[in-house]
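Below is one structure, written out as structure tokens; comments come after it.
Keep in mind that this is a model prediction, so the values were computed, not measured.
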Amino acid sequence: MALIVSLLALAAAHRCASLSRAACSAAGDIDDPPLPLRRSLLARFRERRALAVIDITATEWCDKQMEFVLEHGRPERTEAMKAGSDRHAQLEEVIERVDVAIRTAEESWAVKFMNFIVGTNQLLFDGITRENFRWSWMAGVIDEIRMPTDGASSHPILVDTKTRSKPTIPSEAHKRNGRLQLMCYKYLWDNLNTEKFPAENFFIYFDLNPNFLLSDDVKWYISSLGFDAKTFEDVLKYFKVTCHTVPRSQEQLLLRYELLADHSLLVEYQFPYDARWFKDQIQEALSFWVGAREAKFVIEEESWKCQFCKFVSNCPKMASTSGC
């Protein structure tokens, strides 16, 4: 978790002054990002928040589109996007949902940590869990985690299911983006049981009080799961213990594509985790988020993406070319 510590320090530095290389000198697995050219998007739009995996994958898809989303807001969701969300809700039926009244950031994190514990126990005892939240300097919800059913391995496989409105095979750009997403999830999962959780940096960056007294509603929810917690720090202790039970995931990752109309399987890809490629992709994304470089346009071979972009009429790329 050296990267977790360094990125929390990096993000905190953005709130106070310009980024220095010393802010992330502890990162042994990701190189120091270049000095920023301007006040970072991280500081402007993700203050006291972890970057989401979708922030990373959206940046890989198109820097400029991500910049437009941050500056002007996300476009209205299409019917296909809504249907895709509904399909994921159906797939989540292995999880029992409980409504809990949340008043503060501490209680929100407490519930997230407890849900992580429930999901991890479900994986270890039932062999599967879905939509399980993971956090470091990057936050994400893993679509599905499965234990092998043949007993040949005790390491779970990470799975992501995507929906397509037409029965077509996804492009290489789509598959590459999906591979990056799953590699982000593997990074998050595998780092849970590697090093000590950076509690002090966590409390400082997110401005959390470890001694915060939880409400009766949150304490009831925690008690219903078989735990006893009065403060936020009590919950964090359970979380850290659970992290030490997490088995490292398999090197092979599974990306599935379903037809939205009938949920039939179009194709699935199993591919290996590539640490070098993943590091390069993360470094490139972070240089955008910390303001070390300007947003890039899509490469010419992938200019077809512009046909589906809601910001295409405002994009400088269109003004300098005959079209995408």
Side-chain angles (χ1 to χ4, degrees), residues 4 8 11-12 15 45-55 69-70 73-74 76-77 81-126 128-145 185 188-189 192 197-246:
I4 298 176
L8 287 174
R15 298 204 307 272
F45 298 103
R46 295 295 183 267
E47 186 175 18
R48 302 195 187 284
R49 292 169 57 188
L51 279 175
V53 169
I54 193 173
D55 291 330
V69 167
L70 294 171
R74 197 170 295 278
E76 186 176 350
R77 299 170 71 212
M81 293 168 65
K82 293 176 183 176
S85 297
D86 291 342
R87 173 55 179 156
H88 275 81
Q90 292 174 7
L91 291 170
E92 290 174 37
E93 290 177 358
V94 299
I95 300 173
E96 181 180 355
R97 298 293 176 184
V98 178
D99 290 329
V100 182
I102 295 172
R103 304 173 304 166
T104 66
E106 286 86 356
E107 291 184 346
S108 176
W109 278 105
V111 171
K112 287 176 182 177
F113 285 148
M114 292 307 304
N115 289 342
F116 159 78
I117 293 170
V118 171
T120 300
N121 289 338
Q122 184 182 49
L123 173 69
L124 296 176
F125 290 102
D126 299 337
I128 187 171
T129 189
R130 291 190 56 87
E131 300 295 321
N132 206 324
F133 177 80
R134 296 290 179 272
W135 173 85
S136 65
W137 57 272
M138 176 172 59
V141 179
I142 302 176
D143 195 0
E144 182 179 327
I145 311 171
Y185 292 153
L188 289 171
W189 176 269
L192 287 170
F197 182 86
E200 183 177 353
N201 289 50
F202 172 69
F203 293 138
I204 292 173
Y205 176 62
F206 291 103
D207 194 22
L208 301 170
N209 176 10
N211 299 314
F212 179 85
L213 294 174
L214 302 172
S215 69
D216 289 342
D217 197 44
V218 173
K219 285 190 292 186
W220 171 86
Y221 171 63
I222 295 171
S223 177
S224 72
L225 300 175
F227 297 90
D228 179 32
K230 294 182 175 59
T231 68
F232 177 48
E233 190 166 31
D234 291 338
V235 175
L236 186 57
K237 290 177 182 177
Y238 291 129
F239 169 75
K240 290 189 285 188
V241 169
T242 303
C243 285
H244 290 296
T245 70
V246 169

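- Between Ala101 and Ser215 the shortest heavy-atom distance is O-OG, 4.4 Å.
- Once rounded to the nearest 0.5 Å, the distance linking CD1 of Ile145 with OH of Tyr185 reads 10.5 Å.
- Taking 4.5 Å as the limit, some side-chain heavy atom of Val246 sits within range of a side-chain heavy atom of Phe116.
- The minimum heavy-atom distance linking Cys243 with Leu192 is given by the pair CB-O, 3.3 Å.
- Across all non-hydrogen atoms, the minimal contact from Leu214 to Arg103 is C-NH2, 4.3 Å.
- For the side-chain contact (heavy atoms from CB on, under 4.5 Å) test, residues two or more places apart in sequence or in another chain that qualify with Thr245 are Thr120, Leu124, Thr242.
- In this structure, Thr129 and Gln122 approach most closely via the heavy-atom pair OG1-OE1, 2.9 Å.
- Counting only distance, with no hydrogens or angles, the side chain of Glu107 and the backbone of Val218 share no donor-acceptor pair below 3.5 Å.
- A donor-acceptor pair is defined here as one N or O able to donate and one able to accept, closer than 3.5 Å; no such pair exists between the side chain of Ser108 and the backbone of Ala105.
- Ring-plane geometry between Trp109 and Phe202 is classed as perpendicular, the angle between the planes exceeding 60 degrees on a 0 to 90 degree scale with a lower cut at 30.
- With a 6.0 Å radius and a threshold of 12 heavy atoms from other residues, nucleotides or ligands, Ile102 has its CD1 atom above the threshold.
- Side-chain atoms of Tyr205 do not come within 3.5 Å of backbone N or O of Glu200 as any donor-acceptor pair.
- In plain terms, the two heavy atoms of Arg49 and Phe206 that are nearest each other are CA-CE2, 3.4 Å.
- Within the model, atoms OH of Tyr221 and CE of Met114 stand 7.0 Å from one another, a figure rounded to the nearest 0.5 Å.
- No donor-acceptor distance shorter than 3.5 angstrom exists from the side chain of Asp126 to the backbone of Ile128, with no hydrogens or angles considered.
- Between the side chain of Asn115 and the main chain of Lys112, no donor-acceptor pair closer than 3.5 Å is present.
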Name every donor-acceptor pair, under 3.5 Å, that has one atom in a side chain of residues 232-241 and the other anywhere in the protein, sequence neighbours excluded.
from	atom 1	to	atom 2	distance (Å)
Asp234	OD1	Thr231	OG1	3.4
Asp234	OD2	Lys230	N	2.9
Asp234	OD2	Thr231	N	3.0
Asp234	OD2	Thr231	OG1	3.3
Tyr238	OH	Asp228	N	3.4
Tyr238	OH	Asp228	O	2.7

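- Ile117 is not listed as a side-chain neighbour of Leu225, based on a closest heavy-atom distance of 4.5 Å or more.
- Residue pairs meeting the salt bridge (charged side-chain N to carboxylate O under 4.0 Å, His left out) criterion with at least one member in residues 214-224, sequence neighbours excluded: Asp216-Lys219.
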### Query
When you look at Leu70 and Arg46, which way does the side-chain contact (heavy atoms from CB on, under 4.5 Å) test go after all the steps?
CA-CA 10 Å; Leu70 294 171; Arg46 295 295 183 267; 3.9 Å; yes

